[in-house]
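Accompanying notes for the structure given below.
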Amino acid sequence: MERARRIVTQTNAHCMDMLAEVQPYLVEVAYFFFFLSRHMTLPLFQEYVQSEFYKQSHLKASVIESFDVNSGNGSGLYNVAHRESTLAILSLQIAEGLPAVITVIILGAVSDKTSKRKILLWMPSLGGILHSLIYILILYTSWTMDGLFMASAIRGLSGSMTAFLAGSTFFAINTTQREKRSSRLAIQESLNGLAYAIANIMVGYWVKASGFHQPFWFTLICGCIAFLISFFLVKEVKVETNNASRYDTENCCIDTFRPMGKFFRCKDRKLLIMWLAILAFQSYAWVHLGQINTLVLYFTGSPYHWQSHKVGVFLSVAMGVASLGVLFTPPVLRNWFSDIHITFGGLFSKALGTLWLAVVQNEIVIYFAIFMLVLELIPFPMLRAVVANSIDTADQGSLFALMHCGEGITYFLAPFMFQSLYADSIDYFTGFVFVLSVILLIIPVGFVIAIKFLETGQPGEYERMEGETEMTPGEDLPLPSNEESKDISVIPVTSNQSEANQITANQNTANTGATDEEPVAV
């Protein structure tokens, strides 16, 4: 009996040790399921809204290719239904995006004030659960736009994807060593791309085989898994806060949001590097997100005329290859290059692959763009790491909330701008929007060059050692008690500190042994 009890105790201790090893990476598990649900609901609700508008216009097809519309009867009805569904989809995205921008700032400030960063994870997961649940209820009852707007607004008020990105970034950079932050963030970016690839393939074939009910149930299950892991299994990160930098005015709003004001006071080089990295991140995200959403229109139109499932496979394979690139490249390249140099490689890969998409018009050769875009996701984790290294840990929740709220605006404004440019240029050059994308990449390249200049072009700031106090100009440093009575003529002066210490020690020994002797004139 005693032996059995000992075995159970040892097994329990072993399991707890294993759980302690895996604990920091549970955030990545929740991250994958959250974005798998997120990337599935986006095309799902777009196809569902489009199919309902087609039904209201008494049209049979739920998804129609542009070249079929222009060649068949009733093309006017299809155009009207397609235009109305597009406006409805854009309105639903705005109904989610605008509340999310405000909510993520509030959640970021509250998380720093209370030191409870898990709210940035479980709150968006809960909003995703309610979003999928409302769609399921609508599927089993009746079609209503009011219900769809309510689902979008609830997910936006929960912080949506932007809050989860801010929270996962905080946990990643504060549960690993400083020099490994970019590699840890690269793992998260790889999981995001992998979830995107899996979601697009699943939605394309699942909806065609069994309709919308089962895919929406699957998104609900994924959201529940992300919520349970975030709320119950992820542990808070203990961060030492500087109470002197906090405000205590007995006003909740001032005490919560006033510390965020210091981010906008670019008085030192670190804050300037931080803002340059954020601007580079946002400008690159604008090009990346706008281009991905325009590729669907580009491949379904002239000269390719691909069907929707073929476009989904192309985008999924491209994102899968990019996920592998961002997963394995940073850990290898960091042995020789810095985060900024690796970022330049990702920007070059994006420019080269985008230019290939714009110029090549061959259906076979176009697939080489997948390999050229293999590093297109790398700038995201690299720039996040640069931002994280420029700010104190206690303020990172608010900072990443500000950073990703701009990304939330980009998610629905960038596709709108790029798709409008594509529609205006389709008559004379279908690849014009991709050429413009390459030109716009000059903006993040300029910001990254400025970061590199600030990091290497000026001397670094002096960092005081532990226990060292800062001296004001004109203040004399007091000598130790054993040095006050020494003649300054015998204090050694040398450029080698260890040699100076040895000389001083020899002098102390000599002085101790010769206290009764006559002083020797120097």
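Atom NZ of K235 has 12 or fewer neighbouring heavy atoms from other residues, nucleotides or ligands inside a 6.0 Å radius. Other residues, nucleotides and ligands place more than 12 heavy atoms under 6.0 Å from the CZ atom of F344. Taking a 6.0 Å sphere around CH2 of W206, one finds it holds more than 12 heavy atoms contributed by other residues, nucleotides or ligands.
Looking only at side-chain heavy atoms (C-beta outward), E52 and L148 stay at 4.5 Å or farther from each other. The side-chain heavy atoms of F429 and V435, taken from C-beta on, include a pair separated by under 4.5 Å. Taking the side chain as every heavy atom from C-beta outward, L220 and Y135 never approach each other to under 4.5 Å. Between M382 and I340, the closest side-chain pair of non-hydrogen atoms is not below 4.5 Å. Looking at I225 and I229, their side chains come closer than 4.5 Å, going by heavy atoms from C-beta outward. Taking 4.5 Å as the limit, some side-chain heavy atom of F164 sits within range of a side-chain heavy atom of L121.
Of all heavy-atom pairs spanning L377 and G193, the tightest one is CD1-CA, 4.5 Å. Closest approach of L373 to G353, counting heavy atoms only: CD2-CA, 3.6 Å. Of all the heavy atoms in T162 and G159, the pair that sits closest is OG1-O, 2.9 Å. Nearest approach of E376 to S349, heavy atoms of both residues: N-OG, 4.0 Å.
For T41 (side chain) and R38 (main-chain N/O), a donor-acceptor pair under 3.5 Å exists by modelled atom type. A distance-only check finds a donor-acceptor pair linking the side chain of S323 to the backbone of L194 [under 3.5 Å]. Under a 3.5 Å cut-off, the side chain of Q188 and the backbone N or O of S168 do form a donor-acceptor pair.
Cation-pi contact between R184 and Y25: present, with separation from the ring centre below 6.0 Å and deviation from the ring axis of at most 45°.
Under 3.5 Å, the side chains of S437 and T354 contain no donor-acceptor pair of N or O atoms.
A centroid separation of 6.0 Å or more is found between the aromatic rings of F216 and F45.
Of the residues listed (M40, Q46, H39), the one engaging L42 in a side-chain contact (heavy atoms from CB on, under 4.5 Å) is Q46, and it is the only one.
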